[in-house]
There are 2 protein chains.
Amino acid sequence: MSLVAPKRVRIYDVAQAAGVSVATASKALNDTGRMTDETRTRVKDAATRLGFRPNAMARALIQKRSFTVGLLTNDTYGRFTLPLMAGVSEALVDQGVSVFLCAIEDDPALAKIHVDAMLDKQVDGIIASGKRIDRQLPVDLENLSVPVVYAFTQAPANGVSLVSDDAAGSREAVEWLKSLGRRRIVHVTGPRSFASVEERAGAYRDAVGPTAEVLFGTWSEQWGHEAVAQLWDAAGETPDAIFCGNDQIARGVVDALRERGVAVPADVSVVGFDNWEIVAAATRPPLTTVDMNLKELGREAGRLVLALAAGETVEPGIRKLPCALVVRQSCGGGPRS
Amino acid sequence: MSLVAPKRVRIYDVAQAAGVSVATASKALNDTGRMTDETRTRVKDAATRLGFRPNAMARALIQKRSFTVGLLTNDTYGRFTLPLMAGVSEALVDQGVSVFLCAIEDDPALAKIHVDAMLDKQVDGIIASGKRIDRQLPVDLENLSVPVVYAFTQAPANGVSLVSDDAAGSREAVEWLKSLGRRRIVHVTGPRSFASVEERAGAYRDAVGPTAEVLFGTWSEQWGHEAVAQLWDAAGETPDAIFCGNDQIARGVVDALRERGVAVPADVSVVGFDNWEIVAAATRPPLTTVDMNLKELGREAGRLVLALAAGETVEPGIRKLPCALVVRQSCGGGPRS
DNA sequence: CTTTTGTGAGAAAAGGATTTCTCTAGTTGA
DNA sequence: TCAACTAGAGAAATCCTTTTCTCACAAAAG
């Protein structure tokens, strides 16, 4: 075990070992230029043998590409960011691209610091992401010298943006409930001020028709309890299905129903939204819920930002990615075909 | 609005604007070298005026410092990583250091790819982090050419490592329960195979004395329910306090108690561990729980890795950082002094 | 009046790759 | 046989800073 750090091997060393010039070595390794196959493999072998790894800084300096991208987010709690990050990373890692994660906590000054730091470091692109699909980050990313992709956050007019297709997700949830024979489906969701609330509720109304009933509240288990109280204490027919705006509300609803002695899913089916594992899986019974496929959203964002960085032109506008219904046990019904 | 990206201003431009050489400009901006104050301010003014930002790649190339560090983690779910990351970032951002986040999912091959990518990019240091304090990451970080700090994961023999002082946290929880007059305190926790389970349980035993009783199970709400069943269905005196190994178990316990008509905190006090906001705050009543101060752990890890990168020598070994009891309502007792 | 010391500033090298020329030699075509 | 190409490889420029010398000049010392 030697304690002296071994000198980094440079392309110069590879060239010498292979008996060629530095220029030829560079071209051989990058599969550019012209030379005999024999020379190329000889250089590559030498590189492998010596364990050559090009100095990314030197490369970045001349190519003006750093093989890094920045992920900017104000979702401190990471509920949405992490799956997204996982997807981005997955899409980029085999291109040799690494990801700076910058959490900016709704602080414009902090955001500016992070953006400047990223620009200094010559990131090839920036992915902007947030905890709300209908809010912009507190920093202006237009007219930057690098491409920007907006994922799960509001984009400026001519930005390239990716969001989940909440409306389709809602429709799917409602259709699922209908296919199970449910007839009186109520929607319990978050505050109207959220765009996704309106979008999900709108799609729900369209799918359910005239019997639609939406209860707006907060994004909490507490609200789930209250909503059940409202529904069951009111006169008239009680619902046989509740489609919730997120998993926390759904959990509250399920717990409240159990406490009232209403059987889930025998008497009432419940569907959540978000597929937040920790909530959805711990609910008794585990929640059937709409997954926004944030990881795939991340992958796509990664691909897009890379394409933009490579100079490809990408049509601006909003791209909607499909949601997927994850069937567990809170609705009844088996795994779907 | 001009559509052509403005040419980046180089130090050469600043030098020219200030009427000095590039060398002088560099020294002026970095507060090194010798020159009149007048020259220095003249250069700095020019730099500000032109909006000069040094090219980090060129700087890194020569200084062999990239002002980046890597955070390696196998905690896919991000429960521990995110607070840690927030702390690291907070400690480093005003030094101009950015953080690469690399999620490696227990995959040695992926881990190696990420580590190599980071080394290529000349990170100044690496912070290794995991979801278990008693497991090493599936990758060897010894004898790397950059310093490594282990945070919330097991370190090799001569590594620099940071963990939370779980034992002290447990003691504090027990003392709190005692101070509220609780006399029969039971510990319901996770699987024995976790080092933190043994450590927390050990400290609990020491603090409680001969009446100590520990129930080992899994890290789930489900287990919380089962444990309550075991305790209440058994003959003999029931506990007046339950100290849980994590918040999920605690939530299960609280729910189970409520279902049995046992009042929390009136009849029984419950304490959790982790302060996982989403679980702790949604429990009815909200959980009093031990917070591992992961953000502070992250800050400290950031400071340490920077110190190491700067060539300072840091004593190897395990540093334990204090936990903090977060008082909510599941124990009774007011906010602590 | 000469020598030493100190100060301010610039020239040039270095850092490690990529890329554009340039050059030689061999091949093809007329 | 001679011009025109082409393939293979290398020399040198380039990317942008930092840093180490070197130098000129002025002030202090002898």
Side-chain angles (χ1 to χ4, degrees), chain A residues 5-44 46-47 50-68 96 119-124 145 310, chain B residues 5-44 46-47 50-68 96 117 119-124 145:
Chain A
K7 273 244 172 310
R8 255 192 102 92
V9 5
R10 299 159 319 183
I11 199 171
Y12 174 84
D13 305 313
V14 174
Q16 227 172 25
V20 297
S21 72
V22 173
T24 305
S26 172
K27 282 179 281 197
L29 295 173
N30 293 302
D31 284 322
T32 59
R34 292 185 307 210
M35 70 196 64
T36 51
D37 284 353
E38 191 277 327
T39 308
R40 208 179 280 282
T41 40
R42 187 151 42 87
V43 173
K44 285 187 173 174
L50 298 178
F52 170 69
R53 305 196 59 91
N55 182 317
M57 296 300 151
R59 173 178 266 171
L61 184 56
I62 193 164
Q63 290 191 150
K64 295 169 184 323
R65 275 208 56 191
S66 62
F67 290 89
T68 59
L119 292 179
D120 286 353
K121 285 168 184 132
Q122 314 236 131
V123 288
D124 300 334
S145 49
Chain B
K7 274 242 173 312
R8 252 191 104 91
V9 4
R10 299 161 316 180
I11 200 171
Y12 174 83
D13 305 312
V14 175
Q16 228 172 22
V20 297
S21 72
V22 173
T24 303
S26 172
K27 282 178 282 195
L29 295 173
N30 293 301
D31 285 323
T32 58
R34 292 183 308 208
M35 71 197 63
T36 51
D37 283 353
E38 191 276 329
T39 308
R40 206 179 284 280
T41 39
R42 186 152 41 90
V43 173
K44 285 186 174 174
L50 297 177
F52 170 70
R53 305 196 59 91
N55 181 316
M57 295 301 153
R59 174 179 263 174
L61 184 56
I62 192 166
Q63 291 191 149
K64 295 170 182 324
R65 274 209 58 190
S66 62
F67 291 88
T68 60
L119 292 178
D120 286 353
K121 283 164 186 136
Q122 314 236 128
V123 289
D124 299 334
S145 49

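Residue numbers begin at 1 in each chain, while the letters A, B, ... track the order of the sequences.
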Between [atom1] of [X] and [atom2] of [Y], what distance do you get to the nearest 0.5 Å?
| X | Y | atom1 | atom2 | value |
| --- | --- | --- | --- | --- |
| Arg59(B) | Ser66(B) | CZ | OG | 12.0 Å |
| Gln122(B) | Arg8(A) | CD | CZ | 5.5 Å |
| Lys64(A) | Ser145(A) | NZ | OG | 11.0 Å |
| Thr24(B) | Leu29(B) | OG1 | CG | 10.5 Å |

Tell me what [X] touches on the nucleic acid: a base, only sugar-phosphate, or nothing, going by heavy atoms under 4.0 Å.
| X | answer |
| --- | --- |
| Lys27(B) | base |
| Val22(B) | base |
| Arg10(B) | sugar-phosphate |

Contact under 4.0 Å: [X] side-chain N or O vs [N] OP1/OP2:
| X | N | answer |
| --- | --- | --- |
| Thr24(A) | dA9(D) | no |
| Arg34(A) | dG8(D) | no |
| Asn55(B) | dC15(D) | no |
| Ser21(A) | dG10(D) | yes |

Nearest to the [X] side chain among [options], which nucleotide is it?
| X | options | value |
| --- | --- | --- |
| Ala58(A) | dG10(D), dA17(C), dG8(C) | dA17(C) |
| Thr39(B) | dG15(C), dA17(C), dA9(C) | dA9(C) |
| Leu61(B) | dT17(D), dA11(D), dG16(C) | dG16(C) |
| Thr36(A) | dA9(D), dT17(D), dA9(C) | dA9(D) |
| Ala23(B) | dG16(C), dT14(D), dA11(C) | dA11(C) |
| Val20(A) | dT17(D), dG10(D), dT18(C) | dG10(D) |

Using atom [atom1] of [X] as one end and atom [atom2] of [N] as the other, report the distance to the nearest whole Å.
| X | N | atom1 | atom2 | answer |
| --- | --- | --- | --- | --- |
| Arg59(B) | dT19(D) | CZ | P | 9 Å |
| Tyr12(A) | dA17(C) | OH | P | 13 Å |
| Arg53(A) | dA17(C) | CZ | C1' | 15 Å |
| Arg65(A) | dT14(D) | CZ | P | 24 Å |
| Ile11(A) | dG15(C) | CD1 | P | 16 Å |
| Ile62(A) | dT18(C) | CD1 | C1' | 4 Å |
| Arg42(B) | dG8(C) | CZ | C1' | 12 Å |
| Asp120(B) | dA17(C) | CG | P | 10 Å |

Looking at Lys27(B), is its backbone amide N or carbonyl O close enough to the side chain of Arg40(B) to form a donor-acceptor pair, meaning the two atoms are under 3.5 Å apart?
yes

Lys121(B) (side chain) donor-acceptor with Phe67(A) (main chain) under 3.5 angstrom
yes

How about Asp31(A): does its CG atom have over 12 heavy atoms from other parts shown lying under 6.0 Å from it?
yes

Please tell me which of Gln63(A) and Lys64(B) maps to the more 5' nucleotide of DNA chain C, matching each residue to the nucleotide holding its nearest heavy atom.
Lys64(B)

Would you check, one step at a time, whether the test side-chain contact (heavy atoms from CB on, under 4.5 Å) holds for Arg42(B) with Val20(B)?
CA-CA 9 Å; Arg42(B) 186 152 41 90; Val20(B) 297; 4.0 Å; yes

Work out how much the helix from dC1(C)-dG30(D) to dA30(C)-dT1(D) bends between its end axes, five pairs an end, to the nearest 10 degrees.
50°

